[in-house]
Amino acid sequence: MPVKNVYEARIEHLQILDEEARLDEKLAKWPDGRPVLTDAEVLELYQYMVRCRAVDDLAFKLQRSGRMGTYPQNRGQEAAAVGAGFAAKRGVDYLVPCYRENAALWMHGLPMHYVLLHWMGDERGNQIPDGVCQTPLCIPIGTQMLHATGIAWAFKMRKEARVAITFFGDGATSEGDFHEAMNFASAFQVPCVFFCQNNQWAISVPRESQTASETIAQKAVAYGMPTTQVDGNDLFAVVRASTDAIERARAGGGPSFIEAVTYRLADHTTADDARRYRDAKEVEAWQKRDPLIRLRSYLQARKLWDDAKQAALDDEAKAAATEVVRTAEGIEAPSTDEMFDYTFAAPLPAELELQKRTLQTHSLGQDPAQAGLSAQQA
Amino acid sequence: MPVKNVYEARIEHLQILDEEARLDEKLAKWPDGRPVLTDAEVLELYQYMVRCRAVDDLAFKLQRSGRMGTYPQNRGQEAAAVGAGFAAKRGVDYLVPCYRENAALWMHGLPMHYVLLHWMGDERGNQIPDGVCQTPLCIPIGTQMLHATGIAWAFKMRKEARVAITFFGDGATSEGDFHEAMNFASAFQVPCVFFCQNNQWAISVPRESQTASETIAQKAVAYGMPTTQVDGNDLFAVVRASTDAIERARAGGGPSFIEAVTYRLADHTTADDARRYRDAKEVEAWQKRDPLIRLRSYLQARKLWDDAKQAALDDEAKAAATEVVRTAEGIEAPSTDEMFDYTFAAPLPAELELQKRTLQTHSLGQDPAQAGLSAQQA
Amino acid sequence: MPLMTLVQAINSALAQEMERDERVVILGEDVGLNGGVFRVTDGLQAKFGPDRVIDTPLAESGIMGTAIGLAMAGMRPIPEIQFEGFLGPAYDQLCNHAARYRSRTRGAVTVPMTVRVPWGGGIHAPELHSDSPETIYVHQPGLKVVCPSTPYDAKGLLLSAIRDPDPVVFFEPKRVYRSFKEEVPEEDYTIPIGQAKVLTEGTDLTLVSWGSMVFQCLEALDTLPDDMSVELIDMRSLYPFDTDAIVQSVEKTGRCVIVHEAPKTCGLGAELATVLQERCFLHLKAPVQRVAGFDVMMPYYKLELDYLPNAQKVAQAVGQCLAY
Amino acid sequence: MPLMTLVQAINSALAQEMERDERVVILGEDVGLNGGVFRVTDGLQAKFGPDRVIDTPLAESGIMGTAIGLAMAGMRPIPEIQFEGFLGPAYDQLCNHAARYRSRTRGAVTVPMTVRVPWGGGIHAPELHSDSPETIYVHQPGLKVVCPSTPYDAKGLLLSAIRDPDPVVFFEPKRVYRSFKEEVPEEDYTIPIGQAKVLTEGTDLTLVSWGSMVFQCLEALDTLPDDMSVELIDMRSLYPFDTDAIVQSVEKTGRCVIVHEAPKTCGLGAELATVLQERCFLHLKAPVQRVAGFDVMMPYYKLELDYLPNAQKVAQAVGQCLAY
Ligand SMILES: Cc1ncc(C[n+]2csc(CCOP(=O)(O)OP(=O)(O)O)c2C)c(N)n1
Ligand SMILES: Cc1ncc(C[n+]2csc(CCOP(=O)(O)OP(=O)(O)O)c2C)c(N)n1
Ligand SMILES: [Mg+2]
Ligand SMILES: [Mg+2]
């Protein structure tokens, strides 16, 4: 047969809790009948999302009042972050984030004020505590997936039943490093999950202009990697797909790709004004699909939630957020020494030690003895 | 429907002249009944391939006798190069090669000795003559496809009915730049054809280790780009697929991808010894699929060719190859000036002019006046 | 003459050249409808259309590499890299391809393009948004590198860069994008690449800088005693740089302090200092001094002002160099 | 003690350290069955298996970036980049990530890895196979850079590099990979990063170099009149470099010539010259001189010997510097 098919691919889209908050009962259960999420879990995750949003809102205000630098809001993407975070095992699996999945980082043990500290221009916000398995926020787009691949590879080499999960946006899939990370991960079958938050925009560039592919999910076809598209504002779908991918990886089944279709409800960052480039109507339509609203409707319909509970939660969340900010702002300013001390492990090279001690780069301003000038010259 | 298909892809493999040199009569004709290749064309291309192989063989010997540096043989891949070169319009379409498609470059007007000159360590081998539409051989792997995309983009901007076709190996598809070139080409629908010579090896790394995808062709799925796999040792299949892709691009249909499945019959380069890493049996099997043998069988079966003609052609090809070598070797050594003169368009920056004139970088060795030293200092 | 900020001057040069030369196209991330994250290309897409002011996918090597192709095929592309830190992914295309095509094809294939890059620290930006990587591009044969510090120079140098037959890296000191306005002619004018500018004349010491550090130097001058006569030179072009200008000045003053943001070790300051000791050896009354960034990662913004040279450090170095 | 070439010494260090430390893995293009295109990793895959000596896909950023991940997760990866020219695509991962992780996480995340890179010209290789890009990595805070010129130094420095808690770029002067053998101990020994080596002592002039240029310097010494007493220093480590060694020498000799392959402008020679004029100003009897590559693209091989500094040029510079 001179024309024959040598390959076929099909991309599925998974939705369990639809826009009207109706649950697909069948998909909400694993094949063995266990629920993908128990009521208690849904309740817990919902409250978590609300608390995260409260910090997000407050962070925005902090920036506006000049108490923090640029900040990228997570608003609208909480179900994706929380769902993936829930699917990964805290203290075991490794999170390799971008900057729009605060909720997952916090769930996995990063003190909440760390993220604020980062955006306050303080590296100590990246000083991941011992036992917290994650890398710091990554500002250069698309670069961290290679690190995730390497981390997962180390797990495989050491035969540890651990998985790395890395987060990135739709825009990040255009970078060459994304391609190389996907290819390495698949070629070496490492336990890595690639979780794309397709929030439809990369600053001002819409998803359709970013790439001509019909879906982001199909990019994994290039690497022969299992891939799926999920409704990223549907907590159930995210948890199910992420759990599938993570547990397959843990069991030695190699990497997977997940495209979570979601939306960035806020500006790109506080330095951005999205009204310049996107339609109010589009934003409005997505407001209605806000994952918090959807989950609340679901819980209320199931009588697990009511307005009074919500009011109490909102108050509590606001208070907690204020406390997070207080903690971040209460940390004393970093000392200049920090700038030097972490350039290399101690001891520092002599020249750097001299720069640190004298806070000078010009040799006349440096300690004469150290600068190699004899007394007579100094 | 909570699980729905959002995308489907299918990769076809095209073969017209099979391993036994049997022609698929139907596919050997375009839908309108015209032949993909007339007998005269097949004869011409066959002779061309033989002549190219003669130069290739001689180049190998040149290296072995110390008259040339490292050289990458094209042996076994002539049908792919000649077929794609034939499909592109000389003087109109732009070739953006790697280093294993000499035949295509020569067909499009590059004097044959240029390629030898290049491998003799002489930049003048890259000094593409006016009117020859191609870029020079590209040694850094995977980098030239972006240039092809840019060239094609310029054609589109200026509304010229021209196409860029870029060649690269299976290994090159692993580089990030490949990904970015494919994505840009598709996002902007530029008239560019990506022609991958999958010769099964990237130096010592076999195709299966290079990437976990079942085919190379499916990599184009990531960009929503039309893609096909062809038997790269089948001149008819290569011409048909390339013509399709090039003419679609010319008509405004955007970029395409072609995976030509072929085999590197020789070592990677003259600096390589493939016996270290690949099985003699594998090579033997592919020897039988040598595109020159297949085409000759076809022509002989059709009584268009015989042993006498072959003997005459071999003699002629050898003589011509010797002439090409003579031309390359007859070119006088480059002058040191060349090193400087093409760093920038004239006039050179003063410091560079000084380096050129004095052939020195140390200021004491440079012309004192120019070096800014007063007479008394010099 | 209208008053313009650096941003406005660059925008005006771009608009003017696009008007004049239809081969000029702008491409980069968010340069279109959004006008660039610093609004440098504001309004240009509305004026010239999305085929000439092009929002690209998020891929710097892609931007640089396709710009090379465009240039090879006769266009005059102006790729924008959103922040200097993101030149990293484009390093290979810029240094190993754009810079070399003319030489490796002995003039047959050339790459006339201008790479615009917001550059330098001091704006409270996140990581990799405040670096000063000029040295590595100056070190790369085949590239020209400019870094104007004022609106007037920016327009004149940008027009030269776009019309240059070779690739030019155009660094824009973002810290002074909007910090002041000055008179900038509406009409077309160019400033030749390779010429420094003497900002203040002096006889005792030569102060050399570029980019936003020029303003730290100016501030330092204000704090110096009146009897110190300092000549301040803004390099403006980093490759080729104006050897004559600094040599002439140092032959006169015998002392020199060089100020730059980039880490000290192997910064461009080292090259300038070396050239000065090579060419003005017998004139030098003190070692050429550098006031530069420390040899550490550009810190996040809480410490960025501790990292960056400032007027006080410059003044101190000047004082010590004069006292040597 | 066995006699070894540079290639053998590196191979022996790799084998020894893989034996000693199971966290060590090698990854790169063709490093496995093929033993690397220079056979530096020959036999290692046979010995340690394909899970520790790993052939990767053809992607340098991928090699560097996954090596970073491996290092972060507790391994001690040794990525090989096949030729220094192909560091280009890995530039971003190396300089913007590997070099910065310790600092940006205040020590929480570190990247102990050794990037092995065949380096330099003189072997008649194709384009982008003969560059000398050390300066840009020396300029990058957070990286250590070494470039041994002899088998003995190579083994000792490589073992130091692998055990270093931070990323080290290990440049291997391929021109002398096999040019001679010397005695190299079988046992484990290290040479501290940051120490230069005095090859010949002298009192009239200090000659400073690294990599294969050291041998051009040695050759030059042979041609000099007997009454010229030259001290030759092999830097070995390029960052941190041994300031004390060169300062002490130049305080004694008062004259210095620095020799390197990389283009002159903004090469490491400029940094060393600047440090010398800063620190030995009153001792200098002549300007510090550089004999370096020209500020042009490393030419294809017909002209590479015209590009590269050689013994004759070095001798001439030494003579002129002494006559100053
Ligand atoms: C390598 C690099 N290039 C450019 C930027 C500037 N930049 C910051 S965020 C962004 C868009 C990111 O889009 P996406 O990946 O979709 O993530 P999102 O912000 O939408 O979550 C850009 C271009 C960057 N940070 N890094
Ligand atoms: C960027 C880069 N990395 C590494 C190399 C070294 N190298 C030269 S050819 C080659 C293999 C290329 O394989 P492929 O793309 O399949 O082309 P082929 O040689 O098989 O035609 C490698 C690794 C290079 N030239 N460029
Ligand atoms: Mg996005
Ligand atoms: Mg191949």
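Proteins get letters first, then strands, A, B, ... in listed order; numbering begins at 1 in each. The structure presented is a predicted model; accordingly, all values stated were derived computationally and were not measured.
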Chain C: which of [options] shares the most heavy-atom pairs with it under 4.5 Å?
options	result
D:Val288, D:Val138, D:Val296, D:Asp295	D:Val288
D:Pro299, D:Cys266, D:Pro133	D:Cys266
D:Leu87, D:Leu276, D:Asp131	D:Asp131

*Assign the ring pair D:Tyr324 / C:Phe281 to parallel, tilted or perpendicular, where the plane angle (0 to 90°) is split at 30° and 60°.*
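Rings of D:Tyr324 and C:Phe281: perpendicular, over 60°.
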
*Which value, rounded to the nearest 0.5 Å, describes the distance between D:Thr253 atom OG1 and D:His283 atom NE2?*
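Nearest 0.5 Å value for the OG1-NE2 distance: 10.5 Å.
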
_Interatomic distance, D:Glu278 atom CD to C:Gln289 atom CD [nearest 0.5 angstrom]_ =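 The CD atom of D:Glu278 sits 5.5 Å away from the CD atom of C:Gln289.
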
Most heavy-atom pairs under 4.5 angstrom with chain D, which of [options]?
options	result
C:Ala262, C:Gly267, C:Ser61, C:Ala99	C:Gly267
C:Gly293, C:Ala90, C:Pro89	C:Pro89
C:Glu60, C:Gln93, C:Glu127, C:Arg104	C:Arg104

*Do D:Arg255 and D:Asp204 meet the salt-bridge criterion of a basic N to acidic O distance under 4.0 Å?*
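Judged by the 4.0 Å cut-off on N to carboxylate O distance, D:Asp204 and D:Arg255 do not form a salt bridge.
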
_D:Glu134 and D:Phe171: CA distance, side-chain angles, deciding distance, side chain to side chain contact (heavy atoms under 4.5 Å, CB included) verdict_ = CA-CA 8 Å; D:Glu134 65 273 19; D:Phe171 284 120; 3.8 Å; yes

Considering only heavy atoms, which portion of [X] lies under 4.5 Å from any heavy atom of chain C: side chain, backbone, both, or neither?
X	value
D:Phe241	side chain
D:Gln277	both
D:Arg102	neither

*Look only at the side chain of D:Arg236 and the backbone of D:Gln195, and say whether a donor-acceptor pair between them is shorter than 3.5 Å.*
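Yes, D:Arg236 side chain to D:Gln195 backbone: donor-acceptor pair under 3.5 Å.
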
*Could you tell me whether the side chain of D:Glu261 and the main chain of D:Gly121 form a donor-acceptor pair under 3.5 Å?*
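Looks like yes, one N/O pair under 3.5 Å.
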
_C:Leu284 versus chain D, the contacting section by heavy-atom distance below 4.5 Å_ =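 Answer is both: backbone and side chain atoms of C:Leu284 are under 4.5 Å from chain D.
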
